Amino acid sequence: MKNATTRPRTRFLLGAALLSTGLLAGAFGYGAANLVPTFDAVPIDMRLDFHTQLMKMNGITMQAAMAVSALSALALASLTRGRTRGLTAVAGILTVASFLITRFGNVPINGRIKQWAATAPPADHAEILQRWEAFNVARTCTAFAAFAVLIWLACAGQDTSQASVTRTPRPARTSRAALNKS
């Protein structure tokens with residue numbers, strides 16, 4: 001990934017992609033590891049109220065993180081070549097997958113949860129909440145995979161740029177034993 005570590009534009013995009021994808025993966029990971037078990041541990045009315053308020057706050061921040069993550073990774077893919085292009089495109093596509101899972105999986109269920117909080121949950125609410133959790137696991141995995149790809153590219157890029165630096169070779173040192181033989 002020599003281009004992404006040596007040109008300022010690609011370095012900036014790599015940084016933006018890493019930061020936004022890391023924030024996205026971290027937020028989804030925190031939710032999966034901490035919020036979902038807490039949701040499951042509290043009474044249903046408390047879960048519904050908290051879930052509804054949380055989704056109001058998450059709406060803007062999570063969409064922004066997904067947009068910056070996808071756009072920066074895909075822009076980076078357009079500026080690079082070869083394997084780097086393919087891998088950054090994969091990271092962008094994985095982030096788009098997180099968005100699509102959220103938009104068509106979690107968001108419709110969030111709308112139902114909002115209605116339940118104002119009225120009462122239906123008899124099959126546990127099954128619907130389990131489906132929300134399955135979508136949450138899926139989007140968390142795609143965000144983590146995108147982040148892992150970008151980390152790998154950043155680390156591989158540093159190694160590549162280090163190896164590609166032209167250095168003036170040092171003259172070979174001659175040992176004392178070799179000097180004594182001459």
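Being a predicted model, the structure only gives us computed values, none of them experimental.
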Completion exercise
Interatomic distance, CD1@Ile101 vs OG1@Thr142, rounded to 0.5 Å, equals 4.5 Å
Exercise for the section: Measure across Ala91 and Ala146 and return the closest heavy-atom pair with its distance rounded to 0.1 Å. Expected result: O-CB, 3.4 Å
Problem - Linked, directly or transitively: Phe135 and Val36 (ILVMFWY side chains, under 4.5 Å) - result: yes
Fill in the blank from the handout: In short, Pro37 meets Gly31 closest at the heavy-atom pair CD-O, 4.4 Å
Exercise for the section: Report the distance from atom CG of Leu71 to atom CG of Leu76, rounding to the nearest 0.5 Å. Expected result: 12.5 Å
Exercise for the section: Flag the pair Ile128 / Trp132 as yes when at least one side-chain heavy-atom distance between them is below 4.5 Å, and no otherwise. Expected result: no
Practice task
Flag the pair Val137 / Cys141 as yes when at least one side-chain heavy-atom distance between them is below 4.5 Å, and no otherwise.
Solution key: yes
Problem - Interatomic spacing from CD in Gln130 to CG in Asp40 - rounded to 0.5 Å - result: 8.5 Å
Problem - Single-linkage hydrophobic cluster Leu14~Leu74, side-chain heavy atoms < 4.5 angstrom - result: no
Practice task
Find out whether Trp116 and Ile44 are in side-chain contact, i.e. whether some heavy atom of one side chain is under 4.5 Å from a heavy atom of the other.
Solution key: no
Exercise for the section: Report yes if the side chains of Leu129 and Phe39 come closer than 4.5 Å at any heavy-atom pair, otherwise no. Expected result: no
Practice task
Please examine the side chains of Leu23 and Val68, heavy atoms only from C-beta on, and report whether any two atoms are closer than 4.5 Å.
Solution key: no
Exercise for the section: Calculate, to the nearest 0.5 Å, the distance between atoms CG and OG1 belonging to Leu100 and Thr95 respectively. Expected result: 11.0 Å
Exercise for the section: Ignoring hydrogens and angles, tell me if any N or O in the side chain of Arg85 forms a donor-acceptor pair with the backbone of Ser78 under 3.5 Å. Expected result: yes
Practice task
State plainly whether one hydrophobic cluster holds both Leu35 and Phe28, where clusters connect Ile, Leu, Val, Met, Phe, Trp and Tyr through side-chain heavy atoms under 4.5 angstrom apart.
Solution key: no
Exercise for the section: Tell me whether Met62 is reachable from Phe99 by hopping between hydrophobic residues (I, L, V, M, F, W, Y) whose side-chain heavy atoms are closer than 4.5 Å. Expected result: yes
Handout entry: Euclidean distance, Lys56 NZ relative to Thr52 OG1, rounded to 0.5 Å
Key = 7.5 Å
Fill in the blank from the handout: Between Ala143 and Ser98 the two heavy atoms that sit nearest each other are N-OG, 3.3 Å
Practice task
Compare all side-chain heavy atoms of Leu48 with those of His125 and state whether any distance is below 4.5 angstrom.
Solution key: no
Practice task
Give the C-alpha distance, both sets of side-chain angles, the deciding distance and a yes or no for side-chain contact (heavy atoms from CB on, under 4.5 Å) between Trp152 and Leu87.
Solution key: CA-CA 10 Å; Trp152 185 84; Leu87 289 172; 3.5 Å; yes
Handout entry: Residue pair Ser72 / Ala17: nearest heavy atoms and the distance that separates them
Key = OG-CA, 3.1 Å
Handout entry: Polar side-chain atom of Ser69 near backbone of Met66 as donor-acceptor pair, under 3.5 Å
Key = no
Practice task
Over all heavy atoms of both residues, which pair between Thr21 and Phe147 is shortest? Give the atoms and the distance, please.
Solution key: CG2-N, 3.4 Å
Handout entry: Leu54 side, atom CG; Asp49 side, atom CG - distance, nearest 0.5 Å
Key = 12.5 Å
Exercise for the section: Decide yes or no for Ile109 and Arg131: does some side-chain heavy atom of the first lie under 4.5 Å from some side-chain heavy atom of the second? Expected result: yes
